[in-house]
Amino acid sequence: MFSLSSTVQPQVTVPLSHLINAFHSPKNIAVSVNTSASQKQHREHVPEHDTPSSEPVLNLRDLGLSELKIGQIDRLVENLLPGFHKDKRVTSHWHTSHVSAQSFFENKYGHLDMFSTLRSSSLYRQHPKTLRSICSDLQCFPVFIQSRGFKTLKSRTRRLQSTSERLAEAQNITPSFVKGFLLRDRGTDLESLDKLMKTKNIPEAHQDAFKTGFAEGFLKAQALTQKTNDSLRRTRLIVFILLLLGIYGLLKNPFLSVRFRTTTGLDSAVDPVQMKNVTFEHVKGVEEAKQELQEVVEFLKNPQKFTVLGGKLPKGILLVGPPGTGKTLLARAVAGEADVPFYYASGSEFDEMFVGVGASRIRNLFREAKANAPCVIFIDELDSVGGKRIESPMHPYSRQTINQLLAEMDGFKPNEGVIIIGATNFPEALDNALIRPGRFDMQVTVPRPDVRGRTEILKWYLNKIKFDKSVDPEIIARGTVGFSGAELENLVNQAALKAAVDGKEMVTMKELEFSKDKILMGPERRSVEIDNKNKTITAYHESGHAIIAYYTKDAMPINKATIMPRGPTLGHVSLLPENDRWNETRAQLLAQMDVSMGGRVAEELIFGTDHITTGASSDFDNATQIAKRMVTRFGMSEKLGVMTYSDSGTLSPETQSAIEQEIRILLRESYERAKHILKTHAKEHKNLAEALLTYETLDAKEIQIVLEGKKLEVR
Ligand SMILES: Nc1ncnc2c1ncn2[C@@H]1O[C@H](COP(=O)(O)OP(=O)(O)OP(=O)(O)O)[C@@H](O)[C@H]1O
Ligand SMILES: [Zn+2]
């Protein structure tokens with residue numbers, strides 16, 4: 001026996017064969033389902049197959065509708081729910097089979113009583129009066145209808161109700177093609193069994209078994225279909241919304257995928273930023289650039305004044321310099337000083353895969369700017385839009401973009417008050433057409449700051465944090481040759497972070513030195529456990545460098561020596577030039593070579609030739625580089641004379657070996673000098689190495705104390 005319901009609450013079980021029979025011949029069979037207490041116990045309920053009456057009587061006693069004839073019900077329902085009865089294949093017999101509260105359906109959807117369902121349906125709204133009276137009659141009798149797969153009345157009602165409700169809602173807002181799309185007809189699931197029985201010619205004896213199997217499969221499939229249909233409906237809705245969005249996008253712009261980027265990209269470009277807060281005050285260490293840009297500021301403040309005199313100002317200014325030197329900041333400062341709008345665009349924004357998109361962005365940008373003149377348009381990374389690579393396969397439409405830019409720049413008069421500032425790290429890469437007069441015809445170099453500039457930048461950013469009085473920005477500036485403004489800002493920031501992590505109240509020299517080393521050489525590797533032997537070798541190696549630097553007249557002053565591993569190094573000695581060196585003398589170069597040699601020589605003298613390590617390789621690289629340049633580029637070798645030898649490939653073998661010979665001599669002599677110094681100052685060398693082993697890091701003053709033979713104060 002097959003039970004439709006789970007087992008706990010009042011339930012009626014119907015034999016499956018009856019279900020199937022009823023399924024097929026609803027007109028001949030009336031299954032009266034009785035839910036009275038006595039019958040609840042019955043596991044099997046026999047249908048009254050041979051009810052004599054021509055009109056079968058539906059036993060609706062339980063529903064409070066005793067002796068209501070089917071015909072009457074039909075008429076009533078036909079009145080209330082027009083079309084409901086059309087599908088006669090499905091009878092209402094199932095609807096009274098009900099199940100426990102723990103049923104699958106109820107667990108999933110909660111109790112659903114048919115009459116509240118009817119009440120909420122739009123049909124009820126259409127025929128409220130009659131239906132309401134029925135509902136109120138029946139209200140006291142909750143009928144929970146299980147829905148596990150068969151076409152129960154409830155499941156039909158539910159479908160009817162939800163469909164009609166959706167239809168009613170949809171009618172107001174959705175066009176019919178949408179409705180068709182969203183609410184596609186489900187079709188009938190039942191026809192196939194009849195057909196199947198006929199076509200398969202199944203013998204009578206097996207027909208029941210076949211039907212049972214069919215019904216079981218049907219039940220399972222129904223549950224699955226329900227789920228699938230739900231998700232299908234959801235998917236269709238999403239697809240529909242996407243489709244609508246797509247159509248909207250297409251109407252606006254044929255390049256759908258670009259449209260969104262265009263709006264976001266361009267809006268940011270087209271939205272001007274008023275740069276009141278950024279002025280030349282904020283840009284340090286680039287005095288020449290500021291002076292050159294000062295006249296542009298004057299022009300922006302009063303364009304008429306300039307053009308009245310017939311003066312011609314450049315339309316485009318090219319800021320050229322390495323990354324992070326403050327080009328963007330300067331451009332903002334120009335707008336800020338003149339108090340005009342600032343339009344920012346990055347060249348890479350215009351670099352588009354699609355035809356015309358880059359060009360149209362440029363058009364929009366200029367249109368917007370012209371409407372708001374006087375103003376500044378800043379195009380960062382100009383080389384990525386105005387580079388020489390014309391129509392490479394990677395950038396098929398770059399030529400168009402450049403042409404648009406050129407056309408826009410040619411298209412307005414100087415007195416319109418629009419100044420275009422472009423920035424690039426590689427001016428050589430720019431398209432020649434861009435740097436012709438009338439376009440980007442003024443170049444302003446923004447170099448890396450010199451010692452004075454770096455000091456100013458450091459002071460500027462130090463003033464934004466708490467720092468100790470003992471901090472000397474100039475010392476840090478001297479040790480940061482080649483740092484850009486952005487890197488110096490980062491240095492100060494890192495020092496502040498370090499102080500915070502260490503629980504200090506102020507930033508001291510120690511943190512600044514620390515972050516300088518971190519930026520130069522990578523983070524400290526405190527976790528690395530270095531054995532004593534290696535530590536000792538490192539200490540002697542580093543103090544070897546330090547001793548040579550200390551006792552060689554033309555060497556740079558020592559800043560610090562440490563045996564703390566950092567990045568790839570086990571220790572290092574840092575030297576500070578007193579000033580940025582624009583030129584170096586032969587003596588200075590030789591001194592640098594000697595200092596480099598000091599490390600290896602120290603190892604050799606202290607531990608013997610058999611124990612020298614690989615740790616000196618970069619020292620040798622350094623010394624060899626200097627020697628090579630002295631010979632081949634600086635004309636500092638007597639034998640080879642004042643001549644440069646640039647490309648070794650074109651040199652004759654004799655010249656090549658002569659060059660090598662000279663380099664070798666320079667290195668050998670340097671090595672001997674270093675050896676001599678270290679032998680002479682063996683005692684100092686030992687003291688310094690021991691101090692390093694004790695303290696790990698020594699600054700310039702401490703090194704001097706040790707080398708003068710004094711005792712270091714215990715820290
Ligand atoms: N000369 C400077 N004075 C003060 N701050 C500076 C200076 N140079 C750089 N900075 C700081 O570094 C930041 C980055 O600099 P900016 O973006 O202006 O450099 P850039 O030259 O435009 O770099 P890129 O070429 O990478 O675009 C600035 O916002 C500023 O905080
Ligand atoms: Zn070394």
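In each ligand, atom 1 is the first atom listed, and ligand 1 is the first ligand listed.
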Is it the side chain, the backbone, both or neither of Val446 that has a heavy atom closer than 4.0 Å to ligand 1?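 Under 4.0 Å from ligand 1, Val446 contributes no heavy atoms.
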Between [X] and [Y], does any side-chain N to carboxylate O distance fall below 4.0 Å?
| X | Y | result |
| --- | --- | --- |
| Lys516 | Glu513 | yes |
| Lys459 | Glu456 | no |
| Arg668 | Glu672 | yes |

What angle, to the nearest 10°, do the atoms OD2 (Asp619) and NE2 (His541) form about the Zn ion (ligand 2)?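 The two atoms form an angle at the metal of about 90°.
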Does [X] reach ligand 1, in the sense of a heavy atom lying below 4.0 Å from it?
| X | result |
| --- | --- |
| Trp460 | no |
| Glu381 | no |
| Gly285 | no |

Does Leu329 reach ligand 1 with a nitrogen or oxygen that is under 3.5 Å from one of the ligand's nitrogen or oxygen atoms?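 Between Leu329 and ligand 1, an N or O pair is found under 3.5 Å apart.
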Look only at interatomic distance and state if Ile457 has a nitrogen or oxygen under 3.5 Å from any nitrogen or oxygen of ligand 1.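 N/O-N/O distance under 3.5 Å: no.
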Counting distance only, does the side-chain N/O of Ser515 pair as donor-acceptor with the main-chain N or O of Leu512 below 3.5 Å?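 Yes; judged by distance alone, with no hydrogens or angles, the pair exists.
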Side chain proximity check, Glu511 to Lys504, heavy atoms < 4.5 angstrom: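 Answer yes - side chains close enough.
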